Asker: 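First, the structure itself, so that you have it in front of you.
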Amino acid sequence: MVRAMISMRGVEKYYVPDEPALAEVNVEIEAGEFVFLVGHSGSGKSTFIRLLQRELLPTRGQIIIAGQDIVRLKNWKVPYLRRNIGCVFQDFKLLPNKTSYENVAFALEVIGRSKHVIRTQVPEVLRLVGLEDKMESYPDELSGGEQQRVSIARAFVNRPPILLADEPTGNLDPATSLGIMSLFNRINKTGTTVLVATHDREMVDSMRKRVIALESGHIIRDQHRGVYGYGD
Amino acid sequence: MAINVGYFLRESVLNFRRNWVMSLGAVITIYLSLLLVGVSMVLGVIVSEIVQSVEDKVSIQIFLKDGAATEDVEALQGWLLADEMVDTVNYVSKEDALERFKEEMAGSPEIVENIRENPLPASLDVTLTDPRQVEEMVGKIKANETFLKICDRPDEPEESLKYGQQIVDRLFAFTRIIRLIGVVFVAMLAVVSLIFINNTIRLAIYSRRKEIGIMRLVGASNWFIRAPFLLEGVMQSLLGAALAILTIVAVQAAVLPRLQEAVLFLPVDIAAGMMIQLALVLVVAGVVIGLLGAGFALRRYLKV
Ligand SMILES: Nc1ncnc2c1ncn2[C@@H]1O[C@H](COP(=O)(O)OP(=O)(O)O)[C@@H](O)[C@H]1O
Ligand SMILES: [Mg+2]
């Protein structure tokens with residue numbers, strides 16, 4: 001039996017008593033999988049992602065990433081967990097006073113990578129996301145799609161085994177979103193496990209990947225080569 | 001590591017410039033509190049030198065009756081010397097005492113001329129290793145049988161002793177009050193500096209919250225995130241300490257020689273070694289204040 005890359009067992013998260021944001025979550029995600037996490041707003045997608053980042057601790061249950069129990073992980077070890085998990089968000093989270101190059105370099109700089117590593121890896125990853133011509137541009141000189149590519153480059157520059165994305169196309173038009181999704185697909189092809197939370201129905205339906213559907217914090221469907229859902 | 005140091009320094013200087021009003025406030029309060037620490041240390045040294053020079057003069061005089069037997073005097077002298085509180089014992093004969101009196105009274109020859117018979121008693125002058133023990137030693141002497149036998153006024157042995165307990169007491173009380181006031185002021189200023197540093201670091205954290213969020217996201221270690229803020233606190237304090245040291249050195253160079261001229265009889269000198277020690281104390285105190293202030297702010301405002 002292959003060990004799962006991500007394994008959640010009996011996970012529950014309560015922000016307030018009696019109102020579970022997540023409940024009875026049992027999920028196994030193998031290394032190299034591409035998974036969509038779908039559901040209405042408020043169904044618990046962000047909570048799911050933040051639990052994996054260890055931004056949040058579950059109220060109950062076990063979360064194991066690459067064999068490591070992250071619930072019991074010591075606080076000082078959390079940064080080292082996060083170096084292995086790239087994260088992308090709806091609002092890009094770029095630093096406005098830094099160029100594309102500097103934004104990506106910053107992620108390496110602050111985990112103590114050498115200048116040499118930074119000089120070789122940053123242009124390489126920016127080329128991968130298709131921004132070799134925009135390395136010296138500031139975020140406000142880039143379109144939304146381009147900004148999201150910078151943020152993906154930053155998440156992936158350290159070649160993490162896991163990439164998490166929370167509504168990465170939430171602020172983008174359909175054509176641009178398609179480009180972003182195919183970028184995730186390319187990244188997934190390199191062997192990276194990708195988990196994308198979204199409520200972009202067309203996107204999910206067109207990709208035919210594994211789909212985990214959440215409703216009111218419960219998993220209502222977990223389907224390989226799935227679609228967004230029926231009805232609504 | 002080389003890139004890290006550069007990074008931290010760059011960040012700290014940037015923060016300082018961004019919140020320069022608060023930073024300046026922090027530097028000034030630290031400067032004032034460290035200056036006060038330094039001045040109290042210098043004053044402390046001068047006062048204790050003065051106390052020392054007065055203490056050197058504090059002795060117990062035991063007046064002996066005329067015609068006391070030499071062996072009794074010697075016995076008392078031996079007994080005193082055997083006591084560990086006693087430093088020296090000096091026998092002053094009637095003639096020596098008169099001689100001394102005449103010298104002191106040289107300004108009033110009419111008094112000296114009128115002395116026919118020698119009215120002064122012989123005495124034993126006792127100095128102690130620790131002048132604060134005068135009272136205790138006096139008690140012991142009063143209980144000594146030889147003393148009672150040969151003292152100048154056996155009916156009232158108390159009157160045969162002269163000592164400077166009161167001077168010593170008053171000096172010690174004075175220095176204690178000075179020290180207490182110094183400690184209270186320094187503590188108050190230290191608290192104010194801590195509040196200032198705490199505030200500058202809070203602002204620095206606030207103005208860099210985006211960067212901090214991203215650092216956390218990409219897995220910068222907790223100490224990497226905290227270091228620039230701690231460094232900033234320490235830099236502010238070191239700046240304050242440097243200013244305080246410069247001020248003290250300058251004031252010392254300008255004022256001390258004049259002070260010495262004004263009060264010739266007292267020692268108001270500060271050794272170079274003392275100044276180095278003082279500078280060290282201020283630098284260390286500064287670093288501690290800086291780390292504490294920044295540490296408080298990090299605990300309260302920076303979740304890592
Ligand atoms: N910090 C929080 N405090 C209290 N309730 C929260 C918090 N974050 C999310 N919730 C609640 O948890 C539920 C799931 O939210 P979330 O995970 O953000 O859903 P989604 O990302 O699918 O929109 C919602 O009902 C939301 O109101
Ligand atoms: Mg959400």
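Below, chain A is the first sequence line, B the second, and so on; all start at residue 1. Being a predicted model, the structure only gives us computed values, none of them experimental.
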Asker: With a 4.5 angstrom heavy-atom cut-off, which part of A:Leu94 approaches chain B: side chain, backbone, both or neither?
Answerer: backbone
Asker: Could you tell me which of A:Glu55, A:Lys77, A:Lys98 has the largest number of non-hydrogen atom pairs under 4.5 Å with chain B?
Answerer: A:Glu55
Asker: Apply the test side chain to side chain contact (heavy atoms under 4.5 Å, CB included) to residues A:Asp69 and A:Arg72: give CA-CA distance (whole Å), side-chain angles for both, the deciding distance (0.1 Å), then the verdict.
Answerer: CA-CA 6 Å; A:Asp69 183 345; A:Arg72 295 225 206 102; 3.5 Å; yes
Asker: In terms of heavy-atom pairs under 4.5 Å, which option from A:Lys93, A:Arg154, A:Gln53 contacts chain B the most?
Answerer: A:Arg154
Asker: Check whether the side chains of B:Arg202 and B:Thr200 place a donor and an acceptor atom closer than 3.5 Å, and report yes or no.
Answerer: no
Asker: Under a 3.5 Å cutoff, is there a donor and acceptor pairing between the side chains of A:Thr47 and A:Tyr15?
Answerer: yes
Asker: Give a yes or no on whether A:Lys134 atom NZ has more than 12 heavy-atom contacts from other residues, nucleotides or ligands under 6.0 Å away.
Answerer: no
